Colleague: 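Pasting a structure below so you can have a look.
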Amino acid sequence: MNNGRMTINATGLYYRELNRMIREAIAAGKKEIELIGVNGQRYIADGIKERVLIIIDGVPGNDLSVFMDGPTVIVKANAQDGVCNTMNNGKVIIHGDAGD
């Protein structure tokens, strides 16, 4: 595993647990975080202010990247409603369809 990169398997994780793991990875200095097995977990990247790359393999739930201020988020599938809701800064790229 690359020191600046981490993969998190989100299969079966409750959204709060997944978001805690993302924040811990950032606090540990990871600059690229890949999430695999994402299936409807909400609030991914919400409130994150660091310049990191988050790659999502799967379909994130509502309010992806809310209040985000800096990260780049790439979704390799569709996304649900509320993408970029009140986002301050950063970039979200969705390789599929998204709700509102």
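What you are looking at is a predicted structure, and each value in this text was computed from that prediction instead of being measured.
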Colleague: Can you name the closest pair of heavy atoms from D97 and N78 and give their distance?
Modeller: N-OD1, 2.7 Å
Colleague: Nearest 0.5 angstrom please: N19 CG to E24 CD, how far?
Modeller: 11.5 Å
Colleague: Within the distance-only criterion (no hydrogens, no angle test), does the side chain of Q41 pair as donor or acceptor with the backbone N or O of A10 below 3.5 angstrom?
Modeller: yes
Colleague: In terms of side-chain geometry, is the basic nitrogen of R51 or D69 positioned less than 4.0 Å from the acidic oxygen of its partner?
Modeller: no
Colleague: Would you say N9 has more than 12 foreign heavy atoms packed within less than 6.0 Å of its CG?
Modeller: yes
Colleague: Would a hydrophobic clustering, with Ile, Leu, Val, Met, Phe, Trp and Tyr connected at side-chain separations under 4.5 Å, put Y43 with M21?
Modeller: no
Colleague: Roughly how far, to the nearest 0.5 Å, is the CD1 atom of I44 from the OH atom of Y15?
Modeller: 12.0 Å
Colleague: With side chain to side chain contact (heavy atoms under 4.5 Å, CB included) as the test, would you mind laying out the steps for T11 and N39 before giving the verdict?
Modeller: CA-CA 7 Å; T11 303; N39 187 19; over 6 Å; no
Colleague: Is any side-chain heavy atom of I48 closer than 4.5 Å to one of I22?
Modeller: yes
Colleague: For V92 and C84, which heavy atoms make the closest approach, and how far apart are they?
Modeller: CG2-SG, 3.5 Å
Colleague: Assess whether atom CZ of R16 is packed by more than 12 heavy atoms of other residues, nucleotides or ligands within 6.0 Å.
Modeller: no
Colleague: Go through the steps for I33 and I8 under the test side chain to side chain contact (heavy atoms under 4.5 Å, CB included), then give the verdict.
Modeller: CA-CA 7 Å; I33 302 163; I8 298 172; 3.9 Å; yes
Colleague: Looking at every heavy atom in both V75 and G58, which two are closest together, and how far apart are they?
Modeller: CG1-O, 3.8 Å
Colleague: Identify the heavy atoms of I94 and A77 that sit nearest to each other, and give their distance.
Modeller: CG2-O, 3.3 Å
Colleague: Please give me the minimum heavy-atom distance between G82 and V66, naming the atom from each residue.
Modeller: O-CG1, 4.1 Å
Colleague: Would you call R5 and E34 a side-chain contact if the rule is heavy atoms closer than 4.5 Å?
Modeller: yes
Colleague: First locate atom CE of M6, then atom CD1 of I54, and finally report the distance between them rounded to the nearest 0.5 Å.
Modeller: 12.5 Å
Colleague: Contact between I74 and H95 at the side-chain level, heavy atoms closer than 4.5 Å - yes or no?
Modeller: yes
Colleague: Tell me if a side-chain donor or acceptor on E32 pairs with a main-chain N or O of G4 at a distance below 3.5 Å.
Modeller: no
Colleague: If hydrophobic clusters are built from ILVMFWY residues whose side chains come within less than 4.5 Å, do F67 and V52 share one?
Modeller: no
Colleague: Is there a salt bridge (charged side-chain N to carboxylate O under 4.0 Å, His left out) between E50 and K30 once you walk through the steps?
Modeller: CA-CA 10 Å; E50 291 79 6; K30 303 302 179 189; over 6 Å; no
Colleague: Check whether any side-chain heavy atom of D63 lies under 4.5 Å from a side-chain heavy atom of D46, and answer yes or no.
Modeller: no
Colleague: Under the side-chain contact (heavy atoms from CB on, under 4.5 Å) test against M68, which residue among N85, V73, T86, N89 passes?
Modeller: V73
Colleague: I need the minimum non-hydrogen distance between K91 and M87, along with the two atoms involved.
Modeller: N-CE, 4.5 Å
Colleague: With heavy-atom distances below 4.5 Å as the criterion, would you say the side chains of I55 and K76 are in contact?
Modeller: yes
